[in-house]
Asker: 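Dumping the structure here so I can ask a few things about it.
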Amino acid sequence: MAAVDSLNLSRVSRKSEEAPDPDAELARKALYYMFLMREVEERIEKRLYRQGKIVGGVYVGRGQEAICVGAGLAADPQDVLFPCHRDMALYFIRGIQPREVLAQYMGRVGGPTRGKDGNMHMGDLNRRIVAIISAMAASVPVSAGAAMALKYQGSRNCVLVFFGDGATSRGDFHEGINMAAVMKAPLVLICNNNAYAYSTPVHKQMACANVADKGPGYGVPAEIVDGNDFFAVHRATARAIAHAREGLGPYLIECKTFRMTGHAAHDSAFYVPKHLFEEWAAKDPILRLERHMIENGIATREEIDAMYARIRAEVDEAQAWAEQSPFPDPSELLTNVYEEK
Amino acid sequence: MAAVDSLNLSRVSRKSEEAPDPDAELARKALYYMFLMREVEERIEKRLYRQGKIVGGVYVGRGQEAICVGAGLAADPQDVLFPCHRDMALYFIRGIQPREVLAQYMGRVGGPTRGKDGNMHMGDLNRRIVAIISAMAASVPVSAGAAMALKYQGSRNCVLVFFGDGATSRGDFHEGINMAAVMKAPLVLICNNNAYAYSTPVHKQMACANVADKGPGYGVPAEIVDGNDFFAVHRATARAIAHAREGLGPYLIECKTFRMTGHAAHDSAFYVPKHLFEEWAAKDPILRLERHMIENGIATREEIDAMYARIRAEVDEAQAWAEQSPFPDPSELLTNVYEEK
Amino acid sequence: MPTTYLEAIRQGIWEEMERDPNVFCIGEDIGVYGGAFKVTAGMLEAFGEKRVVDTPISESAIVGAAIGASLMGLRPIAEMQYADFISCAFDQVVNFAAKCRYRWNAPVPIVVRAPSGGGTHGGPFHSQSPEAWFVHTPGLKVVMPGTARDAKGLIKAAIRDNDPVIFFEHKALYRRLKEEIPEGDYTVPIGKARVFREGKDLSIITYGAMLYVAQEAAETLEKEGVSTEIIDMRTLLPIDEETVLASVKKTSRAILLHEATLTGGFGAEIAARIAEKAFEYLDAPIARVAAPDTPIPFSTPLEQAFFPNADKVLEKARWLCAY
Amino acid sequence: MPTTYLEAIRQGIWEEMERDPNVFCIGEDIGVYGGAFKVTAGMLEAFGEKRVVDTPISESAIVGAAIGASLMGLRPIAEMQYADFISCAFDQVVNFAAKCRYRWNAPVPIVVRAPSGGGTHGGPFHSQSPEAWFVHTPGLKVVMPGTARDAKGLIKAAIRDNDPVIFFEHKALYRRLKEEIPEGDYTVPIGKARVFREGKDLSIITYGAMLYVAQEAAETLEKEGVSTEIIDMRTLLPIDEETVLASVKKTSRAILLHEATLTGGFGAEIAARIAEKAFEYLDAPIARVAAPDTPIPFSTPLEQAFFPNADKVLEKARWLCAY
Ligand SMILES: Cc1ncc(C[n+]2csc(CCOP(=O)(O)OP(=O)(O)O)c2C)c(N)n1
Ligand SMILES: Cc1ncc(C[n+]2csc(CCOP(=O)(O)OP(=O)(O)O)c2C)c(N)n1
Ligand SMILES: [Mg+2]
Ligand SMILES: [Mg+2]
């Protein structure tokens, strides 16, 4: 698990007299990861990218953090994750450090791919986290195969695969979920339905109302959750994982959310009606979790702010480290195409 | 429309005093095409193939004739057909002659592809019938595009695409039906669920009970019909076509049937429980239609047998013609790769 | 007026849309957004939703639908958001589109536009140059303009062509290349290479963005007393063998240059043809300069090392000239 | 014991399944049916449903699932019912499998078996030889045995290899080729060509079923006083350039022979390498014999005209020898 240095939210909450509250503990962890993700992505998008220190595409999950954090924290460390491009916190949850992620974005050797690939195209088999390829939904059949393998190995673990609404249109989504269903493979499919795929609104992506409506056609239970509600995502994922561990096969969760940015850093999202951003800003998952924590006495405003400050400092350090990380030597161009003996 | 030479079932049926009965007329046509298909396919599979006069794969639609005939007769001649590999009657309905089909199977220039392609890999744009490629379901997106084009052209016509239960597992099925649905393209999707795809029973193909269960996930109305009941298929197709013509988009029909043969002529179907063949033999769509016609006074046994005899003679002639049709000259190998100016 | 490579393609499509009501565009984010690279910008407003069709993320269905529409008499222009994603539509391209005419005499006049090429920090999945796969697929035509003039003339020719055309557009040229192009309607014939620069000692046979690498090398060689001819293939299939052979017969030395990876690339085919058909004219080995056989790395120093450059061409050129 | 090419592959898989519990087979109709060609016949009974996995008709998911299982430590053998359908899995093969190791150091030890090749009246979609697409895809290995001995040794090597291997099996050899093979466990190294027949005047470089066409031609040439060396590539990627160049340096004449279509085929790559690296040894042009650039026709006379045969090889051989 991640070295969660900044996660020392005072354990002395107003309920401190009572036994440690697992819900409170979870909320603190969740807020930590959600804010960490947002902070790292803000650096990437609003600083490093604009400063030209990051080249290439930059996609962020601003406003969607509850999904990857909710699902990621529901999983066991031995469950296998297939993040998509707006799921950065999954890496942190699995212990990949912010500095490594920042180095990855800047093409430095300090990143998990040593500059071979960029941005969220990273993975680490030791941490059971698999790198996407760019083709949307290509991970779905691969995750199905990973889930089949876990079953083959007699493992009680499962696989969680993440993707967007747009990805569901691809043949690979279909073939992957269908095969997993036929095989009763322990696969949890987590769709972030953020209303857009690049400029394409979801009603131009599909003619049904919900991604979850696709479940019955695969014989896969499907549920819809508020993707901006960390607890809702977490509970649904826990249900899905339990289903998978019981050998009942795949489970589809549609997390309704909203993409609070353009598709990527270069995209102004001019095609998105302004009022939607305003409406969804009010539903921000971080604000929402903060509110929950304060209202339920899990943390005070001051404690939260102090945690944020620590995270910012942690990310400052990470950024400094990453910027010092060297670029790969051109000789690395030719390495690792095949196994080197 | 086909020159239906043998379709002169006595028009003087027991109801002859009354006004011409369209249902009776339809039944006669249907029986003609269903029997013609069976007869041509029997020649192909049980004679020409075994005699070595047909090389390569031979797939027949024995026991499934009600599907292509029911759907094909519901379509307007300007509607566009995309047959699959067990839909031979569609060619006859569109006026392609048995002799041409037999020549096609034997690789002769008398076939619609002049020997360039084999068996059911044939089409004719003038007759609005599009050739499949072998990859299952590849026709689905193509048919979606044809349907989009009809809409583009302001035509009131629609497109009918045929495929099997196995084909629905492919990404192309998914992408094609989904795109057609989003575009509200006039596309009628006709699935013959014959319980097997090669040796694979349908429960290993999908984890839902019916192909029709996939409709809601695309926002496409879907219905299940008895695929061995000509009238049921015909009526469902008529409904689907009306839906398409009204601009309401695609419509999926699942025709439950059974593959009364092996997958292809080389396959003994040892993996199919014997009793299934027995059960389904009793539900043969031709016998069923015969029975309906006799019971309803549409035709007598004798009239039907006379028609069969005429069809057999017609196919004898067709076969003789096809066997006389020359093989293509090797020089044709190089023609028609590109437009020749 | 100086026109960018991108604008030239846009103009070409636009004029064909105006000329022929059967021409329409289909792809992801090509409407409201105007395409990931803005090649179709403004077309939705000008031609309406009917003719500028935004699709779900379904490359196979985009190409499939284009094929189906073409069979009904339309002339679709399908956009792959990046050439890399044509792999998702591969079966439709190589088995459906490429083979219809041969099999059952059904023409498939589609254009599949595929922004390809690297140098834009795209990493492994937004930088590929997959043209060779399609050059090995009979029934397709494969085009890749290297100049703005050709970009317009070839996209128009592709749209009018009665066979399926895979039209590669080099992303790095979209906005960097700006030049005078003829006013109004003109086409550039598919299947014709052109002498991009005349020379007599050495032929560099290339296409796309590598033209400018060749050009840079040629200028240096000029100073070294070597007169370099550059052949811009423009169409990669069908191959204009005549122009290639004529050049090599004149210069007696040939370098094949492309940014796609070396092994099995387009250069191999041209080298093989020269080695079979102009052997007796050769004064030196046939050299190839191409990207190494690796995926395309993301980080700038690796990316720079990956792509061919003038130095790599010069090294081979000097070897050939000294041979 | 004389063993067919098919049986050799079957034995190889069987032995590897016995040796390593992580090896399993996945594909359409490979279980109860034993595979369209019966390569996996009997395996379901012997190894059970867990290790002989029948799938829906989903080539992309078959390859994708194999990749995913391999990432979890298994060693999947995926079967394409026909090589032609690998187009439906193309993105998974060329973008997922081929690039994982390079990008994030994740090995993908899968084997994708693909029955390819013609001469079995399969028509356009059951006869293709699509190896060149994969030879142009860094990160893959591409293998095609031409003998029963190699078929067994190479399938075993492929299963043990830690990179993705596309394993082409020639359908026409499955049952027609029968020969003695070594008993028990042996592997044939991936990446090594072999001298199939020694000679000194002319090299025919080929693989798969074309070996026997080369052989036939060589026997005729022998009578004409020409000593022909035949190189069986066996592995098409990585290319054993050394063996090829050694042969051509010895004979000074080369014919590349394959049944895939000419343009952009594997022969082009070998011709290009010879033309660059053994130029000074050549006494004649480098010739290619391959199928013409058309889809593969169905009807017997067209099919026969399509495939290379000894006469076509002889024509080129005589030209080279008279050069
Ligand atoms: C097969 C494929 N086609 C096109 C693209 C280009 N592309 C990248 S992200 C994207 C939109 C994805 O939308 P969605 O799945 O909803 O995810 P989101 O970005 O909204 O999280 C597109 C079209 C791609 N990556 N892959
Ligand atoms: C993409 C693809 N994979 C495999 C095959 C081989 N194949 C031909 S028909 C068939 C079974 C088709 O089953 P179904 O769609 O149910 O049609 P049916 O034969 O039962 O009518 C298979 C696997 C193919 N043609 N295409
Ligand atoms: Mg989205
Ligand atoms: Mg079936």
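Within every chain, numbering begins at 1; the chains are lettered A, B, ... in the order of the sequence lines, protein sequences first and strands thereafter. Small disclaimer: the values here were computed from a predicted structure and weren't measured.
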Asker: Is it the case that atom CD in C:Glu315 sees more than 12 heavy atoms from other parts of the structure closer than 6.0 Å?
Answerer: no
Asker: At a 4.5 Å cut-off on heavy atoms, which part of C:Gln81 comes close to chain A: side chain, backbone, both, or neither?
Answerer: side chain
Asker: Is there a donor-acceptor contact under 3.5 Å from the side chain of A:Ser325 to the main chain of A:Gly110?
Answerer: yes
Asker: Chain A heavy atoms under 4.5 Å from C:Thr294: which part of the residue, side chain, backbone, both or neither?
Answerer: both
Asker: Got a second to check how far A:Glu254's CD is from A:Cys191's SG, nearest 0.5 Å?
Answerer: 6.0 Å
Asker: At what distance, to the nearest 0.5 angstrom, does OH of C:Tyr82 lie from NZ of C:Lys171?
Answerer: 6.5 Å
Asker: Under a 4.5 Å heavy-atom cut-off, does chain A meet the side chain of C:Asp293, its backbone, both or neither?
Answerer: backbone
Asker: If you round to the nearest 0.5 Å, how far is CD of C:Glu303 from OG of C:Ser127?
Answerer: 6.0 Å
Asker: With chain A as the partner, which of C:Cys88, C:Gly122, C:Gly123 has the greatest number of non-hydrogen pairs under 4.5 Å?
Answerer: C:Cys88
Asker: State whether a side-chain donor-acceptor pair under 3.5 Å links C:His170 with C:Glu259.
Answerer: yes
Asker: When you check the gap from the basic side-chain N to the acidic O, do C:Glu169 and C:Arg113 get nearer than 4.0 Å?
Answerer: yes
Asker: What part of A:Phe270 lies closer than 4.5 angstrom to a heavy atom of chain C: side chain, backbone, both or neither?
Answerer: side chain
Asker: Is the closest basic N to carboxylate O distance between A:Glu323 and A:Arg108 below 4.0 Å?
Answerer: no
Asker: What is the ring orientation for C:Phe90 with C:Phe134, classed by angle as parallel under 30°, tilted 30 to 60°, or perpendicular over 60°?
Answerer: tilted
Asker: Relative to chain C, which segment of A:His121 carries a heavy atom at a distance below 4.5 Å: side chain, backbone, both, or neither?
Answerer: side chain
Asker: For the interface with chain A, which of C:Gln304, C:His126, C:His121 has the highest count of heavy-atom pairs at distances below 4.5 Å?
Answerer: C:His121
Asker: Can you tell me how far the CE atom of A:Met136 sits from the CZ atom of A:Arg170, to the nearest 0.5 Å?
Answerer: 9.5 Å
Asker: Under 6.0 Å from the ring centre and within 45 degrees of the ring axis: does the NZ or CZ of C:Arg75 meet both conditions for the six-membered ring of C:Phe24?
Answerer: no
Asker: Under 4.5 Å heavy-atom distance to chain C, tell me which part of A:Tyr196 shows up: side chain, backbone, both or neither.
Answerer: neither
Asker: Under 3.5 Å, side chain of A:Ser169 to main-chain N/O of A:Gln205, donor-acceptor pair present?
Answerer: yes
Asker: Counting only non-hydrogen atoms closer than 4.5 Å, does A:Asp267 touch chain C with its backbone (N, CA, C, O), its side chain (CB onward), both, or neither?
Answerer: both
Asker: So for C:Ser87, is it side chain, backbone, both, or neither that comes closer than 4.5 Å to the heavy atoms of chain A?
Answerer: neither
Asker: Show the numbers, then the answer: is there a salt bridge (Lys or Arg N to Asp or Glu O under 4.0 Å) between C:Glu7 and C:Lys178?
Answerer: CA-CA 9 Å; C:Glu7 178 57 24; C:Lys178 197 168 185 163; over 6 Å; no
Asker: Just give me the residue among A:Tyr338, A:Tyr198, A:Tyr271 that pairs up with chain C most often, heavy atom to heavy atom, under 4.5 Å.
Answerer: A:Tyr198
Asker: Taking heavy atoms only and a threshold strictly under 4.5 Å, list by residue number the residues of residues 26-38 of chain C that touch chain A; give 'none' if the list is empty.
Answerer: C:Asp29, C:Val32, C:Tyr33, C:Ala36, C:Lys38
Asker: At a 4.5 Å cut-off on heavy atoms, which part of A:Ala137 comes close to chain C: side chain, backbone, both, or neither?
Answerer: neither
Asker: Looking at A:Asp329, A:Thr113, A:Thr168, A:Asp117, which makes the most heavy-atom pairs under 4.5 Å with chain C?
Answerer: A:Asp117
Asker: Go through the atoms of C:Phe85 and report whether side chain, backbone, both or neither lie under 4.5 Å from a heavy atom of chain A.
Answerer: side chain
Asker: With chain C, which of A:Val109, A:Thr200, A:Asn119, A:Leu333 has the greatest number of heavy-atom pairs at distances under 4.5 Å?
Answerer: A:Leu333
